[in-house]
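Every chain is numbered from 1, with letters handed out A, B, ... down the list of sequences.
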Amino acid sequence: MPHKIISLISVGRHPQSGRARRSDQDGRAVELGLKLSGSQLEVVHAGDSEEPVLRQYAGMGLAEITILEQDQSMDAVASLSTYLASRDADIVLTGVRSESGESSGMVPYILAEALGWPLVARVADIVEIKDGTAEVLLALPRGQRRAATVKLPFIATIDSAAQEARQSAYGPGLRANMVAQSGANELDELRANWSEAPAKPRPKRLKMVKAKTAADRFKAATAKPAGGSGKVMKNESTEEKAQAIFDLLIEEKVIR
Amino acid sequence: MVIDWLPSVLIVALLALGVIGALRRVNLWRAGQPEKVNLIAGLLAMPNRYLKDLHHVVERDKYMSRTHVATGGGFVLSMVLVLVVHVFNVQERIVAWALLGALALMLIGAFFVFKRRLNPPERLSKGPWMRLPKSLITFAVTFIVLTLPAAGILPEGTGGVVLIVVLSIGIVIGLGELLFGMGWGGPMKHAFAGALHLAFHRRPERFGGGRSTGLKPANLEGAVIGVAKPSDFKWNQLLGFDACVQCGKCQAMCPAFAAGQPLNPKKLIQDMVVGLAGGTDANYAGSPYPGKEIGNAKGSPTEVITAGLVSQETLWSCTTCRACVEECPMMIEHVDAIVDMRRFLTMEKGETPNKGSEVLENIIATDNPGGYAPGSRTNWAADQNLAVMKEKKEADVLFWVSDGAFDMRSQRILRAFVKLMKHANVDVAILGDEERDSGDVARRLGDDATFQSLAKRNLATLGQYKFKKIVTTDPHAYHCLRNEYADFDANGALEGVEVLHHTTFLNQLVQSGALKLDAFKGGKVTYHDPCYLGRYNGEYEAPRELLRSLGIEIAEMERSGFRSRCCGGGGGAPITDIPGERRIADMRMEDVTETGAELVAVGCQQCTAMLEGVVEPRPEVKDISEILVGQLVEEVH
């Protein structure tokens with residue numbers, strides 16, 4: 001029996017131009033969905049059905065996109081949780097966080113809580129779905145992976161390490177069906193109370209380059225920070241552990 | 001005599017069969033998409049197009065042009081007279097003598113065709129084409145003998161039945177090739193399809209010394225965008241493919257073919273013929289696509305081309321340098337066809353190879369192929385004190401900076417050009433951050449939707465300001481602005497505006513005395529013609545004149561001017577990066593080295609990047625504006 005997979009998509013924002021675009025991680029969520037269930041994949045967006053960016057997702061070869069029509073000031077979570085509860089899906093794929101709006105990364109967690117499903121964070125790939133469980137690869141820093149087995153149904157957030165979204169083709173995107181239905185009308189109060197201001201660039205801590213070889217420099221330039229100075233404390237006393245945490249907080253200037 | 005009637009019956013029968021075949025062929029072309037052509041005007045213009053434009057191209061090879069005049073002219077004349085003498089039985093001696101003269105002319109021509117085919121160069125197709133000179137000679141000899149009695153040289157009835165039978169065989173062989181073969185897809189098809197192709201050409205502006213190089217806009221509303229199947233081509237494009245004589249001049253000039261990439265323009269056109277007629281390429285007797293065997297391609301008018309007829313890498317190997325089009329004696333438009341098929345791959349399949357998809361996504365999101373912040377477009381000019389149109393509103397010259405603004409090497413060219421303009425006190429302004437990518441790369445990669453969107457937005461910006469000239473250092477942007485934007489310029493933003501390449505503009509400044517330059521004292525210099533400046537826009541002279549004004553005697557490369565070899569950087573080729581055995585830029589640098597030049601002058605940032613990418617030791621590469629800046633006479637105040 002084919003599994004029912006739903007990819008959630010949002011309107012992204014290009015980091016350089018600030019222009020609306022297909023969100024990078026959501027694109028990967030659609031890509032993974034297409035890999036798992038091909039044309040059976042259901043793609044859902046809560047927002048405006050006239051949004052041109054949706055055509056960029058559709059250009060990946062989607063025949064249709066379901067839109068839960070709602071105003072920008074409304075809460076997407078309300079629409080999505082009602083819709084997902086009615087769909088009986090096996091896996092819901094989303095990006096880790098959206099590129100626009102609050103970008104809190106909370107949507108998948110709130111959805112998981114509302115549906116009572118487990119949430120699998122930062123998935124790089126779903127290798128196989130068999131007998132009601134899925135074999136999942138989680139993304140870790142420096143290209144490492146952790147294998148995990150998860151019972152269906154679940155929500156997965158897709159890491160930037162997952163397979164890149166395929167090229168969007170103009171023609172199919174233009175011709176795809178935008179199936180709109182009305183979404184929930186629940187004001188996003190949290191958002192409404194926010195005021196937005198352009199971010200000030202924060203000063204960055206300069207890194208001392210200790211690398212002596214090209215390979216070291218390459219590693220330093222490409223690797224994600226793995227918190228190299230951390231240490232595992234298992235056998236120490238509770239006081240010692242607390243002291244270590246306290247020292248770190250002071251060192252990082254969290255407390256003064 | 002009993003079978004005296006046989007020759008005339010055979011002539012009429014073969015003529016009729018030829019006509020039937022021709023009608024069948026016409027039907028194959030009609031499978032294509034409609035395209036408005038003025039049929040009557042085209043037919044009327046055809047003889048002139050043949051005698052002048054086509055012949056102008058053939059004339060580059062004197063041997064072949066004379067041979068063709070004798071053979072073709074002799075044949076057409078004798079065919080008319082054959083009908084007069086042998087079918088309508090006109091008994092005038094003078095007509096018979098005229099026929100003998102025409103046949104003799106044809107025989108001489110055919111002899112030279114024969115001679116060329118004794119040891120044919122690699123570019124020529126073999127197969128049925130090897131048989132052609134023999135058929136031509138058979139035709140000429142047969143009708144000479146058949147006409148001798150009518151001319152009064154031999155008495156009527158000489159030779160009896162035996163001779164008539166022998167001559168009848170000759171008629172079948174000769175006319176079979178020339179009339180029957182013409183309609184049914186033999187080598188002589190080129191005469192019939194070629195004549196009509198000239199009459200109904202999709203770019204009639206090319207004739208009479210004109211130039212037509214801008215791509216036609218894609219229809220973005222159709223059920224399929226671009227060309228998926230042969231029947232998606234316009235009918236006169238299909239007709240054009242059928243006109244191919246397989247002379248292989250395109251193949252000999254193609255940089256991708258020479259680099260061992262899987263493209264051969266001749267084979268591509270022949271594959272299109274296979275597609276429009278249906279079948280396989282098993283009968284193709286020319287050079288293959290490098291690295292691909294012949295015999296595996298099959299197709300039909302209603303089958304997707306890239307699903308078995310032509311591989312995608314073949315289409316992406318093209319640099320759109322237009323060397324094949326320039327060289328084609330039949331004036332076939334290879335580049336149009338390739339981009340048409342790329343449009344399908346990009347806009348319908350989303351299968352632009354390698355970096356193609358990333359570059360297109362960048363262009364869509366940031367209006368430049370590198371994905372840089374649009375607000376950083378003018379960073380290069382921070383120290384240039386350049387007026388921006390947004391504030392100035394009006395200037396004599398609008399300097400179109402192009403995406404070279406984001407590339408540190410190209411910025412050197414931009415700065416040099418600005419310095420020259422300042423020196424000549426040109427009233428100049430730039431668009432600054434309002435400028436966008438010209439759309440050249442997107443269009444050549446088959447994304448016409450993005451090109452059209454960029455063109456329209458750029459035109460809307462240009463329409464807000466007043467200027468007399470647009471000058472750019474980038475021949476690709478130059479080509480788009482000059483030849484391709486007109487299709488979208490509904491509000492006349494570029495009306496009455498002169499679009500110039502910086503070499504043309506600088507040459508005007510130097511000739512008018514606005515720029516004073518010292519003589520150049522370096523070593524030997526050669527000049528590389530950028531495709532989009534030369535073949536696309538016909539500007540060969542201005543850059544050369546500029547170099548000469550520095551006292552430089554240009555050491556020309558063997559392939560220069562309209563035969564210049566591409567640097568490998570056009571058509572998105574560095575982005576799609578189809579592997580070959582050699583790099584095109586390396587081959588071009590070999591051309592440069594052969595002249596013994598220490599410096600190669602270029603008029604294009606893309607060419608500069610490609611040629612500088614060749615490993616050292618190699619001659620230095622400089623844009624002409626950089627060379628000029630070095631020779632500026634600074635006035636002392």
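Around NZ of B/Lys234, the count of heavy atoms belonging to other residues, nucleotides or ligands within 6.0 Å exceeds 12. For A/Gln181, the CD atom sits in a packed shell: over 12 heavy atoms of surrounding residues, nucleotides or ligands are nearer than 6.0 Å. The number of heavy atoms from other shown groups lying within 6.0 Å of CZ (B/Arg409) is above 12. Within a 6.0 Å radius of NZ in B/Lys216, other residues, nucleotides and ligands contribute more than 12 heavy atoms. Heavy-atom neighbours of A/Arg166 CZ from other residues, nucleotides or ligands within 6.0 Å: above the threshold of 12. For B/Asn491, the CG atom is loosely surrounded, since the number of other residues' heavy atoms within 6.0 Å does not exceed 12. For A/Gln72, the CD atom counts as loosely surrounded, since its 6.0 Å shell holds 12 or fewer non-hydrogen atoms of other residues, nucleotides or ligands.
When B/Gly226, B/Gly350, B/Gly222 are compared by the number of non-hydrogen pairs under 4.5 Å with chain A, B/Gly350 comes out ahead. Residue with the most contacts toward chain B among A/Gly18, A/Gly59, A/Gly171, A/Pro15: A/Gly171 (heavy-atom pairs, distance under 4.5 Å).
Side chain of A/Arg21 to main chain of B/Asn362: no donor-acceptor pair is present (N/O by atom type, distance under 3.5 Å, no hydrogens or angles). Using modelled atom types, no side-chain atom of B/Thr366 and backbone atom of A/Ser17 make a donor-acceptor pair closer than 3.5 Å. Between the side chain of A/Arg19 and the backbone N or O of B/Ile364 there is at least one donor-acceptor pair closer than 3.5 Å.
A distance of 6.0 Å separates CD in A/Gln167 from CG in B/Leu360, rounded to the nearest 0.5 Å. Rounding to the nearest 0.5 angstrom, the gap separating the CZ atom in A/Arg175 from the CD atom in B/Glu221 is 11.0 Å. Between atom CD1 of residue B/Ile225 and atom OH of residue A/Tyr170 there is a gap of 6.0 Å, rounded to the nearest 0.5 Å. A/Gln16 contributes atom CD, which lies 7.0 Å from atom OG of B/Ser376 (distance to the nearest 0.5 angstrom).
Annotation for A/Leu174 and B/Leu220: closest pair CD2-O, 3.7 Å, computed over non-hydrogen atoms.
When heavy atoms are compared at a cutoff of 4.5 Å, B/Glu361 approaches chain A solely by way of its side chain, counted from C-beta outward. Only the side chain of A/Gln56 comes within contact range of chain B, judged by heavy atoms closer than 4.5 Å. Only the backbone of B/Tyr372 comes within contact range of chain A, with heavy atoms under 4.5 Å apart. Using a 4.5 Å cut-off between heavy atoms, B/Asp367 touches chain A through backbone and side chain atoms alike. Only the backbone of B/Glu351 comes within less than 4.5 Å of a heavy atom of chain A; no side-chain atom from C-beta onward does.
Proximity to chain B at a heavy-atom threshold of 4.5 Å picks out nothing from residues 33-49 of chain A.
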